[in-house]
> 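Handing you a structure now.
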Amino acid sequence: MKLTSTAPFADRIRQELNPPQAEAALYTGGPLLVLAGAGSGKTRVITYRIAYLIHDCGLSPWNVLAVTFTNKAAGEMKDRVAGLVGGSPRGLWIGTFHSICSRILRTDGKAIGLDPHFTIYDRSDQLSTVKRVMKDCGIASQEAKPNSILNAISRAKSRFEWPDLFAANAKNYFEDLVSRVYRRYQDTLRVNKALDFDDLLMESVRLLKENEEIRRGYQKRFQHVLVDEYQDTNQPQYLLLRELRRDCPHICVVGDDDQSIYKWRGADLRNILEFQDQYPNAKIVRLEQNYRSSKVIISAATEMIGANKGRLGKTLWTAKEDGDPIGVIRLPDDSAEAYWVCDEIQRLHSQKNLAFRDFAVFYRTNAQSRQFEEECIRRGVPYNIVSGLAFYERMEIKDALAYARLLVNPSDRVSFERVVNVPKRKLGAVTVSKLIDYADRSKKNILRAAWDTASDRGSGLSAAAAAAFHQFADVFRYCHSRAAELTLAELFNELLNRSGYRAYWEAESDPQSDARLENIDELINAASQFEADIRRNEGSQPIDSIMMLEGFLENATLVSDQDSVNENEDKVSFMTIHAAKGLEFPCVFMVGMEEQLFPHQRSLDEPNDLEEERRLCYVGVTRAKVKLYLSHVESRRQHGRFEWAQPSRFIEEIPSRYREELSWRGADHLKHPYPTDNFTIHDELIVQEDASFQSGDMVNHRSFGFGVVLGVEGEGGKARITVDFQNVGQKILIQEYARLQKV
DNA sequence: CCTCAAAACATTTTT
DNA sequence: TGTTTTGAGG
């Protein structure tokens, strides 16, 4: 277990990390707060720290828990730790809060009365539950929007208020409504054997609080806990950590109070601001050296965020060069904005040898993406809209998963209602309500009740409806009976074929439904991939297909594998600023920098909300490595109407010495406004082509086109290559900048 | 029970 | 302007 023979990992840490980073990675004297500025290498610190703990400190990987918010972050962390210690350590837990909680609850949830086969409800499952409950309570959706009720419930949960407490605290009519829905919503989840995202956390905390023995087990196991993005933790997450680390606070949290942008989702900035109060002997380490952006960008960001009060305080600096000023441009309207941005991207792409993947466009609201998408299509600029709708959010995928969930958990009414009439089985809302009543009366799970309607007169359903229900339920009975002999993919296929779901899309003949069928195949593909992975890891242990399916479903709900930025594709990225967090790009456009839009009008009343908008802006600005543009328009089409707009206050908060006002002279490319762009292309911008060239090679250049190599002087990246281009004649190019492609 | 057209509505969304 | 919810009519 102990690797005493090899050189201490600590030596490597002192060599490869800067002093504050090393201090953070090596400190084991108690609670530790690492304030990690944007681009300061926090993941590096966490991964080196994990490696240090298991390599030098005699800890088994089993004793270390690392918690992140996203699966992407967890995956990246796993990979990097594996890279450091040579192979992924067995027993090391790196995962999201939710996946860790779900694992705890599936193992030990029985102690507080949870079924280990519980289903996890995502946002849309929650919403359908709320809608149903509102109907049952006789609350019209005009009285209160289902969405705001759900938000209120979720916020109550993140304050750890169960229905009773919430009801006692309800102060106004709306909260009374919420309280009624909340109670019934929670009952429904229990009947359905379902937990929503918030429940995963709350129930875990409850389990650890109520069960001494189980708590001790986890405490003994997790001797070191590391938490990433601590500024985004909410109350239950804080409590969970506290329960896990109650007696022996080897806890290390990493975060940046200036990058907290999820307060509206329950994140509680106090967790990080008051860490020292909660752990009086906590040590604080600040990581202030930024390795990402130019001096201008860092200074601008620092000045801007300085307008916020209530910060822990941190001064970023960088060793990089000053860089170009931030380009600010005012445009007549939103379509001109899209025109100008795409035009500028094309210009830089051809004149600066930047790849399309070097560009990103950030906006405040998703609705703004359309203009850019259209402009890109018009010009043939390759683009990718990040986080449009995730694969797992697509209708056909949700349907297929609902079938699967119902197979695993026959009590899951939300899934039942979703698919019972897809394809159409003449089982409308009224008929289904009757079945639900019958299930309640006879205390049967919903699938069992559906099956029994055929033989039980007590259901009060028409013969036709009873037959339809029975036939529907029989598909699941059949699949269950064959689960032992089928692979996961076969089982899934069987389910979708027998239920008629696949035929339902095959019957449609438009190209849309073909795409849907492909998505379904993709899902089944993923399932069989999942099965292969499990079988490889678990060895020869026989695993029942139903259990396998359960694992796959969990993966599908908890891992919303959104099509994120694919670094292999050479495309411009478009995304909301929220989605940009954690990413970086050489050249960034922040568009729609206008009052009412950014800061958004809904945040103007509350000073705290305004500060969050400013942090959001800070996050956006600090994504840029080399060049940043801010654009705003005189009038913008919003909800179909033209609205006049003023420049965002955030622009003014950047001192003018860091800005350069650009001017727009119309959509004529001959009168194009040329900004001063003497930014050099840093090494990291260059995709180093490892090809070497020699005389006679046929090559292609992005702007000069096709040509023949006449001669090469020097070697490697600095080699000077003389090329005779078909259209522009002879040119001498430096290999590392030219990005020549052999033809 | 289903369909389609009018009406209402419109931040951000790691799990 | 696009999307989602509603209610009237088939």
Side-chain angles (χ1 to χ4, degrees), chain A residues 67-75 95-102 120-127 131 140-142 145-148 150-151 154 158 195-201 228-229 231-234 236-237 259-267 334-335 362-371 374 386-390 392-393 421 424-432 462 464-465 468 554-562 564 575-583 592 596-604 609 612-613 615-617 619-620 636-643:
Chain A
V67 196
T68 64
F69 274 82
T70 65
N71 293 293
K72 199 175 144 217
T96 63
F97 272 104
H98 293 84
S99 71
I100 282 161
C101 287
S102 122
I120 299 169
Y121 278 3
D122 69 10
R123 177 83 198 187
S124 67
D125 302 319
Q126 294 183 50
L127 201 58
K131 282 179 186 163
S141 59
Q142 284 121 323
K145 281 169 286 175
N147 233 322
S148 20
L150 178 54
N151 283 339
S154 182
S158 59
L195 299 179
D196 65 21
F197 283 144
D198 303 305
D199 288 338
L200 289 176
L201 288 153
D228 191 19
E229 305 278 16
Q231 76 281 355
D232 290 332
T233 49
N234 62 18
Q237 285 160 343
Q259 291 189 66
S260 160
I261 54 174
Y262 286 106
K263 197 187 77 178
W264 52 274
R265 273 185 88 227
D334 44 347
S335 55
F362 302 157
Y363 33 79
R364 179 64 238 266
T365 67
N366 280 312
Q368 289 167 261
S369 70
R370 227 193 72 251
Q371 299 274 3
E374 282 169 5
V386 176
S387 167
L389 37 37
Y392 287 107
E393 309 245 291
N421 206 27
K424 300 269 182 322
R425 296 183 181 92
K426 304 215 162 148
L427 297 168
V430 183
T431 319
V432 173
S462 70
E554 171 133 351
N555 199 50
T557 352
L558 254 29
V559 184
S560 67
D561 192 14
Q562 306 201 350
S564 46
M575 66 190 86
T576 63
I577 309 171
H578 283 90
K581 193 177 162 199
L583 304 175
Q596 315 284 322
L597 185 59
F598 192 32
H600 197 271
Q601 81 192 61
R602 303 263 266 247
S603 67
L604 259 28
D609 292 347
E612 179 147 315
E613 294 282 299
R615 291 193 293 269
L616 187 57
C617 188
V619 166
R636 173 176 300 276
R637 225 185 170 135
Q638 264 185 310
H639 317 321
R641 285 258 151 263
F642 275 105
E643 307 274 3

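Just the heavy atoms: all of them, side chains too, but no hydrogens, waters or symmetry mates, feed the values below. Letters go in sequence order (proteins before strands), and every chain restarts at 1.
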> Could you check how far CD1 of A:Ile261 sits from P of B:dT11, rounded to whole Å?
17 Å

> Which residues satisfy the side-chain hydrogen bond (donor to acceptor under 3.5 Å, both in side chains) test with A:Gln231, sequence neighbours excluded?
A:Glu229

> If only atom types and distance count, is the side chain of A:Arg615 paired as donor or acceptor with the main-chain N or O of A:Ser260 below 3.5 Å?
yes

> With a 3.5 Å distance limit and no angle check, can you tell me whether A:Asp196 reaches the backbone of A:Asp122 through a side-chain donor-acceptor pair?
no

> Between C:dT4 and B:dT13, how far apart are the P atoms? Round to whole Å, please.
15 Å

> Just so I know, are the side chains of A:Phe97 and A:Thr233 near enough to count as touching, which here means a heavy-atom distance under 4.5 Å?
yes

> What is the distance from atom CG of A:Leu200 to atom CD1 of A:Ile120, rounded to the nearest 0.5 Å?
5.0 Å

> Can you tabulate the close N/O pairs, meaning under 3.5 Å, that link protein atoms to atoms of nucleotides 4-6 of chain C?
from  : atom 1 : to       : atom 2 : distance (Å)
C:dT5 : OP1    : A:Lys131 : NZ     : 3.2
C:dT6 : OP1    : A:Ser141 : OG     : 2.2

> Base, sugar-phosphate, or nothing: which does A:Asp232 touch, judged by heavy atoms less than 4.0 Å apart?
base

> When the ring planes of A:His578 and A:Tyr262 are compared, do they come out parallel, tilted or perpendicular, using 30° and 60° as the limits?
tilted

> Could you give the CZ-to-P distance, from A:Phe642 to C:dT1, as a whole number of Å?
9 Å

> Out of B:dT15, B:dT12, B:dA10, which nucleotide sits closest to the side chain of A:Asn71?
B:dT15

> For A:Ala267 and A:Glu613, find the nucleotide of DNA chain B closest to each by heavy atoms; which residue's nucleotide sits nearer the 5' end?
A:Glu613

> It should be established whether A:Thr576 places a side-chain nitrogen or oxygen under 4.0 Å from OP1 or OP2 of nucleotide B:dT13.
yes

> Using a 3.5 Å cut-off on both pairing distances, which stems of three or more Watson-Crick or G-U pairs include DNA chain C?
B:1-10 with C:1-10

> Take atom NZ of A:Lys145 and atom P of B:dT11, then tell me their distance rounded to the nearest Å.
9 Å

> Within the stacking criterion (centroid distance below 5.5 Å, interplanar angle below 30°), does A:Tyr262 stack on B:dT12?
no

> Is it true that a side-chain atom of A:Glu612 and a backbone atom of A:Lys263 form a donor plus acceptor pair closer than 3.5 Å?
yes

> Assess whether one donor atom and one acceptor atom, taken from the side chain of A:Arg364 and the base of B:dT12, lie less than 3.5 Å apart.
yes

> Mind checking side-chain hydrogen bond (donor to acceptor under 3.5 Å, both in side chains) for A:Ser102 and listing every partner two or more places apart, or none if nothing turns up?
A:Glu554

> What is the separation between atom CD on A:Glu554 and atom P on B:dT15, rounded to the nearest whole Å?
14 Å

> Working to the nearest 0.5 angstrom, can you tell me the gap between A:Lys581 NZ and A:Thr576 OG1?
12.0 Å

> Return the value, rounded to whole Å, for the distance between atom CG of A:Leu195 and atom C1' of B:dT15.
13 Å

> Just how far, in rounded Å, is P of B:dT12 from CG of A:Asn147?
11 Å

> List every contact pair, protein side and nucleotides 1-4 of chain B side both N or O, where the distance is under 3.5 Å.
from  : atom 1 : to       : atom 2 : distance (Å)
B:dC1 : OP1    : A:Gly428 : N      : 3.1
B:dC1 : OP1    : A:Thr431 : OG1    : 2.7
B:dC2 : OP1    : A:Asn421 : ND2    : 3.0

> So, taking the atom named CD in A:Gln596 and the one named CZ in A:Arg636, what distance separates them when rounded to the nearest 0.5 Å?
12.0 Å

> In chain order, what residues pass the side-chain hydrogen bond (donor to acceptor under 3.5 Å, both in side chains) check against A:Arg602, with sequence neighbours excluded?
none

> Calculate the interatomic distance between A:His600 atom NE2 and B:dT13 atom P; express it in whole Å.
12 Å

> Could you tell me the separation between the CG atom of A:Leu200 and the P atom of B:dT15, rounded to a whole number of Å?
13 Å

> With the six-membered base ring of B:dT15 as reference, does the ring of A:His98 sit under 5.5 Å away with planes under 30° apart?
no

> When you measure only distances, ignoring hydrogens and angles, does the side chain of A:Arg123 come within 3.5 Å of the base of B:dT13 through a donor and an acceptor?
no

> Is the shortest side-chain N/O distance from A:Asn366 to OP1 or OP2 of B:dT11 below 4.0 Å?
no

> Looking at CG of A:Leu201 and NE2 of A:His98, how far apart are the two atoms once the value is rounded to the nearest 0.5 Å?
4.5 Å

> Using modelled atom types only, decide if a donor and an acceptor are shared between the side chain of A:Gln237 and the backbone of A:Asn234 within a distance under 3.5 Å.
yes

> Can you check the distance between C:dT5 and B:dT12, where both ends of the measurement are the P atom (answer in whole Å)?
15 Å

